[in-house]
Amino acid sequence: MSSNFEFLLPEFRDLAEPAGRAERLVMQDPRAAGFYARFALEASVLWLYKHDAGLRMPYDQSLGALLHEPTFQSRVPEAIFQKARVIQQAGNQAVHHQRPVRQFDALQVIKELHHVLYWLARTYTRQGAGSKPPVAFDPQLVPPAQTGATPLDRKRLAELETELEAKARTLVERDQRLTTLDEELKQLRADLAAARAANEKLPDPHDYSEAETRTLLIDLELKRAGWPLDQPRDREYEVTGMPNTSGRGFVDDVLWGDDGKPLGIVESKKTTADARVGQQQAKLYADCLEAMTGQRPVIFYTNGYDTWIWDDVFYPPRKALGFYKKEELQRLIQRRKTRKPLGTTALSTTIIERYYQRRAIGCLGEVFTQGRRKSLLVMATGSGKTRTVIALVDLLQRANWVKRVLFLADRVSLVNQAAGAFKKFLPDSSPVNLVTEKDKEGRVYVCTYPTMMGLIDKANNGEAAFSVGYFDLIVIDEAHRSIYQKYRAIFAYFDSLLVGLTATPREEVDRNTYDLFDLEPGVPTDAYELEKAVLDGFLVPPRVEQVD
């Protein structure tokens with residue numbers, strides 16, 4: 001039987017098999033089709049990491065980490081990256097979401113997979129891009145459902161997921177061990193690099209920007225945040241007071257609170273348009289809803305690829321990787337009235353007592369009060385970075401600036417140390433160690449970077465375990481290390497205040513770290529370095545010993 005994925009043969013046979021299986025299951029078993037589409041995507045991404053020497057394999061080899069690795073994102077066109085996200089999230093929902101999966105949704109996912117694999121085959125074929133003519137997806141080639149077949153249940157899909165992931169990881173580890181010895185693989189990489197360079201110079205007439213991608217991606221992100229949008233008032237909601245001849249307008253999506261007042265609005269634009277062209281229109285809709293209901297909603301505008309959030313009562317617009325949940329939007333709106341000035345809220349003298357710790361918190365408070373959301377503290381080892389942060393968390397929680405806090409470190413020992421410090425100095429924060437306690441809730445969470453990368457992809461009944469707005473503040477311990485290259489996806493995902501901690505002298509902190517915090521190189525938010533700490537008598541100078 002013909003398949004939409006025959007163009008992969010014979011050069012990409014290993015990718016054609018799982019893609020073809022996903023296609024055959026669309027009408028028969030939509031849930032399994034979504035699962036196998038995700039597996040085909042993962043196989044194609046691993047193929048790229050194996051054969052493209054320009055890609056750097058991340059420490060965490062989950063699909064989410066592979067997709068968000070900086071070298072991968074710079075190599076893959078934006079449209080292909082976003083389609084890959086659609087496939088990944090749909091596959092996750094197929095396995096972990098109890099609601100039925102529609103044939104229509106499965107068909108859309110297979111179509112996105114077709115586009116991703118066509119780009120890969122066209123770009124990396126050694127036969128020349130001309131040998132891969134544009135291939136339009138043909139729904140007529142999708143086989144109809146067969147009578148008598150039994151769909152796979154979620155339990156079996158979860159078992160298959162574990163088996164396939166283990167097999168994929170084994171293959172990756174084997175390939176990594178052989179890379180330095182396998183001359184044939186080195187030659188293949190060289191051939192593919194040359195083929196890619198040649199193929200990218202040729203125009204690609206294939207259309208990757210169908211409107212369905214935008215719609216599917218936006219709906220997936222909204223459902224992931226717990227917005228089913230299944231009521232008539234949720235979509236195309238009519239507002240009055242618009243500055244046009246009719247005085248009316250229609251909001252694409254309204255996110256309602258339990259009290260019947262709007263918490264957020266979503267203004268959607270076509271994929272080829274800059275999402276920011278919808279900013280002014282979204283503001284006018286927010287003006288109308290505020291006049292009609294007495295509550296100003298938080299504004300989102302998106303083209304399906306780029307999403308912006310704008311709580312224009314306090315902050316300028318900023319990019320986000322998704323939408324807030326209902327409880328999180330409610331918290332943002334309530335905070336407009338209940339947030340206390342940081343300058344008039346007293347610091348806890350039982351947590352910190354040194355002048356430079358109070359000064360650091362004062363600098364952070366000034367930055368946050370000005371509407372800026374990122375800060376970097378340079379503090380010498382032993383000067384009390386963790387206690388300073390605990391005092392900051394205490395201040396921000398008492399002033400109602402934050403509710404949930406995430407403390408990230410790169411080693412389990414540092415995570416355990418931070419958890420102990422929070423329990424000692426701020427016991428009411430109910431600290432949760434996510435390395436060992438994944439199902440508890442608290443006001444402070446401590447975690448390693450790799451563990452959090454894995455938790456971001458997890459979902460409960462189709463909703464994100466940790467949505468983009470779950471944490472109000474993220475603290476990065478040892479911010480001078482390799483966080484920028486390995487784990488920047490974490491900080492791009494969460495929409496929160498960000499505080500970095502490092503003991504590295506300000507002039508030795510790399511430029512990437514300053515860039516992450518939107519700071520000028522060499523100019524942290526506040527600094528208390530070793531030389532000053534020694535002069536003050538809080539620390540002693542280092543003593544060098546040679547060990548043979």
Is any side-chain heavy atom of [Y] closer than 4.5 Å to one of [X]?
X      : Y      : result
Leu364 : Leu377 : yes
Val298 : Ile309 : yes
Val499 : Ile474 : no
Thr307 : Leu321 : no
Asp526 : Arg359 : yes
Tyr449 : Ile476 : yes
Leu473 : Ser496 : no
Leu408 : Asp477 : no

Validation row, ring centre Phe466 to ring centre Phe471 under 6.0 Å: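 When the ring centroids of Phe466 and Phe471 are compared, they turn out to be within the sub-6.0 Å range.
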
Proximity of Trp256 and Tyr237 rings by center, below 6.0 Å: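 Yes, close enough.
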
Going by an N to O cut-off under 4.0 Å, is there a salt bridge joining [X] and [Y]?
X      : Y      : answer
Arg354 : Asp536 : no
Glu508 : Arg506 : no
Asp515 : Arg511 : no
Lys261 : Glu290 : no
Asp287 : Lys283 : yes
Asp518 : Lys374 : yes
Glu529 : Lys532 : no

[atom2] on [Y] to [atom1] on [X], rounded to 0.5 Å:
X      : Y      : atom1 : atom2 : answer
Glu42  : Ile87  : CD    : CD1   : 12.0 Å
Phe72  : Met57  : CZ    : CE    : 11.0 Å
Ile299 : Gln280 : CD1   : CD    : 9.0 Å

Chi angles and distances behind the side-chain hydrogen bond (donor to acceptor under 3.5 Å, both in side chains) call for Gln82, Glu78: CA-CA 6 Å; Gln82 297 296 349; Glu78 178 70 15; 2.6 Å; yes

Under a 3.5 Å distance rule, please check whether [X] uses its side chain to pair with a backbone N or O of [Y] as donor and acceptor.
X      : Y      : answer
Glu328 : Lys325 : yes
Asp234 : Gln231 : yes
Ser74  : Pro70  : yes
Asp495 : Val468 : no
Arg336 : Arg296 : yes
Trp227 : Tyr324 : yes
Asn303 : Lys269 : no
Thr71  : Arg56  : yes
Tyr356 : Ser383 : yes
Trp401 : Lys340 : yes

Indicate the atoms forming the closest heavy-atom contact of [X] with [Y], along with that distance.
X      : Y      : result
Leu67  : Ala84  : CD2-CB, 4.0 Å
Arg331 : Tyr470 : NH2-O, 3.7 Å
Arg404 : Tyr445 : CD-CE1, 4.1 Å
Ala489 : His68  : CB-CB, 3.5 Å
Pro317 : Gln279 : CG-NE2, 3.9 Å
Asp252 : Ser268 : OD2-N, 2.7 Å

Test: Arg31 cationic atom under 6.0 Å from Phe35 six-membered ring centre, within 45° of axis: no

Face-on cation placement of Arg339 at Phe314 ring, 6.0 Å and 45° thresholds: yes

Tyr301 and Trp308 aromatic ring geometry - parallel, tilted or perpendicular at 30°/60° bounds: parallel

From CA spacing to verdict: salt bridge (Lys or Arg N to Asp or Glu O under 4.0 Å), Arg235, Asp253: CA-CA 5 Å; Arg235 298 183 185 273; Asp253 300 293; 3.2 Å; yes

Are more than 12 heavy atoms from other residues, nucleotides or ligands located less than 6.0 Å from atom [atom1] of [X]?
X      : atom1 : answer
Gln370 : CD    : yes
Glu531 : CD    : no
Asp230 : CG    : yes

Qualifying salt bridge (Lys or Arg N to Asp or Glu O under 4.0 Å) pairs with a residue from residues 362-372, counting only residues at least two apart or across chains: none

Reference residue Leu229; test side-chain contact (heavy atoms from CB on, under 4.5 Å); the match among Val254, Leu255, Val266: Leu255

Derivation of the salt bridge (Lys or Arg N to Asp or Glu O under 4.0 Å) call for Asp394 and Arg398: CA-CA 6 Å; Asp394 173 61; Arg398 285 189 290 110; 3.1 Å; yes

Donor-acceptor pairs are to be reported for all side-chain atoms of residues 420-435 against protein atoms at under 3.5 Å, with residues two or more places apart or in another chain.
from   : atom 1 : to     : atom 2 : distance (Å)
Ser429 : OG     : Leu426 : O      : 2.6
Asn433 : OD1    : Val435 : N      : 3.0
Asn433 : ND2    : Asn416 : OD1    : 2.9

Trace of the salt bridge (Lys or Arg N to Asp or Glu O under 4.0 Å) decision for Asp472 with Arg335: CA-CA 12 Å; Asp472 301 302; Arg335 197 169 284 155; 3.4 Å; yes

